[in-house]
Undergrad: 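Pasting a structure below so you can have a look.
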Number of protein chains: 2
Amino acid sequence: MKLSTSGLPQQGQHEGGEKKCLNSELWHACAGPLVSLPSAGTRVVYFPQGHSEQVAATTSREVDGHIPNYPSLPPQLICQLHNVTMHADVETDEVYAQMTLQPLTPQEQKDTFLPMELGVPSKQPSNYFCKTLTASDTSTHGGFSVPRRAAEKVFPPLDFSQQPPAQELIARDLHDVEWKFRHIFRGQPKRHLLTTGWSVFFSAKRLVAGDSVLFIWNEKNQLLLGIRRANRPQTVMPSSVLSSDSMHIGLLAAAAHAAATNSCFTVFYNPRL
Amino acid sequence: MKLSTSGLPQQGQHEGGEKKCLNSELWHACAGPLVSLPSAGTRVVYFPQGHSEQVAATTSREVDGHIPNYPSLPPQLICQLHNVTMHADVETDEVYAQMTLQPLTPQEQKDTFLPMELGVPSKQPSNYFCKTLTASDTSTHGGFSVPRRAAEKVFPPLDFSQQPPAQELIARDLHDVEWKFRHIFRGQPKRHLLTTGWSVFFSAKRLVAGDSVLFIWNEKNQLLLGIRRANRPQTVMPSSVLSSDSMHIGLLAAAAHAAATNSCFTVFYNPRL
DNA sequence: CTGTAGGCGAACAGCCGACAA
DNA sequence: TTGTCGGCTGTTCGCCTACAG
């Protein structure tokens with residue numbers, strides 16, 4: 001059994017025909033400063049029971065108690081992390097990560113040198129701002145009011161010889177979709193606004209007052225655009241496929257099977273806890 | 001182990017705080033004439049592998065081959081069907097059924113008399129019509145054109161002494177939500193139309209041309225309203241919780257565990273195959 | 001500095017019959 | 001019989017400034 005095919009964080013596409021890797025700095029910005037991802041090639045500890053309880057919380061269903069015991073499954077698995085890919089839900093833009101884990105035998109844990117990941121918090125990009133949407137921002141009556149410092153820091157400078165100064169902004173979201181906005185500096189007192197294009201964006205993303213938007217100006221002079229939804233206690237899962245019992249069993253059984261055969265298994269990590 | 005607590009089709013609420021039982025005739029009308037549900041208290045055959053492949057099709061992901069074998073799990077399980085409940089997805093109105101199954105031991109299969117369900121196709125309601133939406137129906141330019149025979153059969157009769165004849169219709173969907181429509185008979189040549197209220201409905205349900213709507217006039221003189229979406233090859237599952245491998249394992253392991261311990265397990269049946 | 005509201009022109013929604021398939 | 005269209009309002013959208021917190 002070979003262990004480390006590559007220590008490099010390989011972020012290629014996976015699972016036939018899916019997206020290329022998402023923009024990493026935008027993903028981390030949407031996930032927030034407290035969320036960190038271990039690197040591929042390192043060693044991580046996986047807690048099947050804890051993960052199962054997390055999933056239980058999102059499905060908001062009781063476990064009926066029909067879950068079999070997996071006596072061979074230890075409460076924590078030392079694994080090698082083979083692969084980490086960043087994803088975002090197509091519908092909600094919710095960020096999550098997919099990891100390929102391989103349990104290590106006690107012998108391998110001794111033999112193999114693999115750095116233990118400590119979960120360094122990801123550094124947030126420097127040229128970015130995040131604003132929580134007001135009632136006016138999400139009303140159909142007008143546009144989006146950009147805080148002054150934010151506009152000056154992350155938007156390209158306006159040509160103030162025009163009256164009023166205005167430009168078109170193009171920003172890409174996590175799915176690489178382009179959104180165009182008219183950025184104008186006007187009013188009395190003067191202010192930065194996003195007008196045309198703003199309502200298309202916030203209605204497409206179904207943003208409401210209390211949600212946040214986030215603009216990044218990166219080193220490649222690209223404007224990136226992400227969202228963070230307010231903590232609504234929703235997350236009612238699509239229950240129409242698998243019972244919550246089967247989901248819990250699946251989680252535990254997959255880990256147990258991988259531990260027993262030292263083979264890889266896949267988990268999804270949802271940073272919102 | 002007691003087997004038949006009750007032979008009656010018990011359709012109460014389940015899983016704390018969820019909906020009461022849905023309207024059965026509307027559920028079957030939305031599912032279509034070819035879909036039948038076995039009754040609670042009867043004996044059914046469950047095919048874990050076949051079910052797993054169905055789920056695989058909806059998740060549109062390849063099985064990586066890391067699925068463990070369950071040698072103790074026979075390809076088909078003779079089960080007693082303890083409970084059947086009808087459901088509809090809150091977001092899409094997609095209908096599905098939840099079943100509680102209990103595998104029978106060979107001995108029980110001999111001892112217990114339970115009628116074998118043959119899957120009688122459900123009879124469709126008599127006073128109903130189903131129309132596939134045209135481009136005009138789903139345009140913002142106008143309302144919904146009701147086929148003449150359909151309107152005369154399932155809508156309350158209009159008062160033709162009025163000019164033009166018109167009334168307000170109130171119809172309930174699978175979630176018991178009320179929708180109001182203005183039903184008018186006008187134009188040259190005369191026709192039945194749903195005007196005010198129609199666009200609210202079809203945009204809320206996100207219906208497009210090619211989808212179908214379905215009205216039922218039942219014995220209690222209630223107007224019921226359902227939808228059947230066109231077969232869009234979508235059904236990309238929310239992958240952000242459980243890997244497809246874990247889902248398959250969960251399905252098989254839950255059945256295997258139930259078979260080994262003769263305990264109940266829960267499956268979801270999605271009629272769209 | 002920025003959230004909300006009034007003013008107002010333009011765009012769209014949505015009701016109508018005409019026409020034709 | 002019914003799908004689509006042009007004609008025609010009434011409503012909403014959305015850009016602007018004024019004002020206040």
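Letters A, B, ... are given to chains in the order of the sequence lines, protein chains preceding strands, and every chain is numbered from 1. Only heavy atoms go into these numbers, but all of them, side chains included; no hydrogens, no water, no symmetry mates.
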Undergrad: With no hydrogens and no angle check, just 3.5 Å: does a side-chain donor-acceptor pair link A:N218 and A:E25?
TA: yes

Undergrad: With a 4.0 Å cut-off on N to O distance, would you call B:D93 and B:R229 a salt bridge?
TA: no

Undergrad: At how many degrees, to 10°, do the end axes of the helix from C:dC1-D:dG21 to C:dA21-D:dT1 meet when each uses five pairs?
TA: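 Rounded to the nearest 10 degrees, the bend comes out at 40°.
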
Undergrad: Taking all non-hydrogen atoms of both residues into account, name the closest pair between B:D89 and B:T92 and its distance.
TA: OD1-N, 2.9 Å

Undergrad: Let's see if you get this right: which residues in residues 132-155 of chain A place a heavy atom under 4.0 Å from DNA chain D?
TA: A:T140, A:H141

Undergrad: Is the number of heavy atoms from other residues, nucleotides or ligands within 6.0 Å of NZ (A:K190) greater than 12?
TA: yes

Undergrad: Measure across A:P38 and A:V84 and return the closest heavy-atom pair with its distance rounded to 0.1 Å.
TA: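 Shortest heavy-atom separation between A:P38 and A:V84 comes out as O-CG2, 3.6 Å.
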
Undergrad: Given the side-chain rings of A:F155 and A:H183, with only the six-membered ring counted for Trp, is the space between their centroids under 6.0 Å?
TA: yes

Undergrad: Just jot down the salt bridge (charged side-chain N to carboxylate O under 4.0 Å, His left out) partners of B:K153, sequence neighbours excluded, or say none.
TA: none

Undergrad: Does this structure show an ion pair linking A:K205 with A:D173, if we count only N-O contacts that are shorter than 4.0 Å?
TA: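 Yes, this pair counts.
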
Undergrad: Where do B:P271 and B:W27 come nearest, in terms of heavy atoms and distance?
TA: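 Minimum heavy-atom separation between B:P271 and B:W27: CG-CH2, 4.0 Å.
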
Undergrad: Between B:D211 and B:R206, is there a salt bridge with N-O shorter than 4.0 Å?
TA: no

Undergrad: Of all heavy-atom pairs between A:A166 and A:I184, which one has the smallest distance, and what is that distance?
TA: CB-CG1, 3.8 Å

Undergrad: I need the minimum non-hydrogen distance between A:A171 and A:L224, along with the two atoms involved.
TA: CB-C, 4.5 Å

Undergrad: For a ring-ring contact (aromatic ring centres under 6.0 Å, His included) check, start with the C-alpha distance between B:F144 and B:F201, then their side-chain angles and the critical distance, and finish with the verdict.
TA: CA-CA 11 Å; B:F144 172 70; B:F201 172 74; 9.0 Å; no

Undergrad: What residues in residues 179-195 of chain A put a non-hydrogen atom under 4.0 Å from any atom of DNA chain D?
TA: A:I184, A:R186, A:G187, A:Q188, A:P189, A:R191, A:T195

Undergrad: Could you check whether the rings of A:Y96 and A:H87 sit parallel, tilted or perpendicular, using 30° and 60° as the cut-offs?
TA: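 It falls in the parallel class, under 30°.
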
Undergrad: Which pair of non-hydrogen atoms, one from B:L133 and one from B:V213, has the smallest distance, and what is that distance?
TA: CD2-CG2, 4.0 Å

Undergrad: Check every nucleotide of DNA chain C for an atom under 4.0 Å from a heavy-atom of chain A, then give the first and the last such nucleotide from 5' to 3'.
TA: C:dC1 to C:dG7

Undergrad: Heavy atoms of chain A, cut-off under 4.0 Å: which first and last nucleotide of DNA chain D, 5' to 3', fall inside that, if you could look?
TA: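 Here the contact window of chain A covers D:dC13 to D:dA20.
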
